[in-house]
Amino acid sequence: MSETSTKKKKRTIPEPNGQWVAIIRVRGTVNTRYDVEHTLKLLRLHKPNHCVVRKLDQGLRGMLLKAQHKIAWGEIDFDTFSKLLKERGWIVGGERLTDEIVREKTNGQYGSIDELARAIWDGKIKFRDLEWLKPVFRLHPPKHGGYKRSVKKLYQEGGALGYWGSDIKKLLLRMI
């Protein structure tokens, strides 16, 4: 047996530099350790197919590594974030996010969902400042055959869990 086959494959998880990541819960909570369940609760991922979008920092990176056997995550671009907000955004009270609601709730400061998305993306406003906007996106299960990979293995091992990199955009577009 060679030395390379016995060594573990190195993970290529990026160091935080302010990029935005989408975090999708893939698995449920049956037989989950308490600390992992608590981490999922802190991330606001209460059910499978729920998604949150956050800026990557050192604390979040540690949480992602702790819960990587229950979630899929990776970097997204602005277009994917904007589409996610337009099509799966909800406000408190159970209404879909529309341009009219954005104008009403922001007192005309933002005229459309695109302007609100740009403000969030650029850091001018945070999700926690928008008490009327739900920070969790409820997604459909992936179209065209589910995850197409085992939900019991990490992405690097041929599964659907853990760090996807920029490939998470493809999964998100199938779930929106």
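No hydrogens, no waters, no symmetry mates; every other heavy atom, side chains included, goes into these values.
Across all their heavy atoms, W132 and L97 have their closest contact at CZ3-CD1, 3.7 Å. Contact record, L139 with C51: CD1-CB, 3.6 Å, taken as the closest heavy-atom pair. Contact record, K169 with D77: CD-OD1, 3.6 Å, taken as the closest heavy-atom pair. Closest non-hydrogen pair, A67 versus V36, comes out as CA-CG1, 4.2 Å. When every heavy atom of I91 is checked against every heavy atom of K134, the shortest pair comes out as O-CE, 3.7 Å.
Between F137 and F81, the ring-plane angle classifies as perpendicular under the 30° and 60° cut-offs.
Rounding to the nearest 0.5 Å gives a distance of 11.5 Å between OG1 of T80 and CG of L171. Here H140 contributes atom NE2 and R174 contributes atom CZ; the two are 13.5 Å apart, rounded to the nearest 0.5 Å. With rounding to the nearest 0.5 Å, the separation of NZ in K70 from OG1 in T32 is 3.0 Å. We find the CG-CH2 distance between L56 and W73 to be 6.0 Å, quoted to the nearest 0.5 Å. Taken from NZ in K152 to NE2 in H69, the straight-line distance is 14.0 Å, to the nearest 0.5 Å.
With a 6.0 Å radius and a threshold of 12 heavy atoms from other residues, nucleotides or ligands, E100 has its CD atom above the threshold.
With hydrogens and angles ignored, the 3.5 Å screen pairs a side-chain donor or acceptor of R96 with a backbone N or O of E87.
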Between side-chain atoms of residues 112-126 and protein atoms elsewhere (two or more places apart, or another chain), which donor-acceptor pairs fall under 3.5 Å?
unit_1, atom_1, unit_2, atom_2, d
S112, OG, D114, N, 3.4
S112, OG, E115, N, 3.3
D114, OD1, S82, OG, 2.8
D114, OD1, K86, NZ, 3.1
D114, OD2, K86, NZ, 3.4
E115, OE1, G111, N, 2.7

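Applying the side-chain hydrogen bond (donor to acceptor under 3.5 Å, both in side chains) test to every pair with at least one member in residues 38-57, sequence neighbours left out, gives these pairs: N49-Y147.
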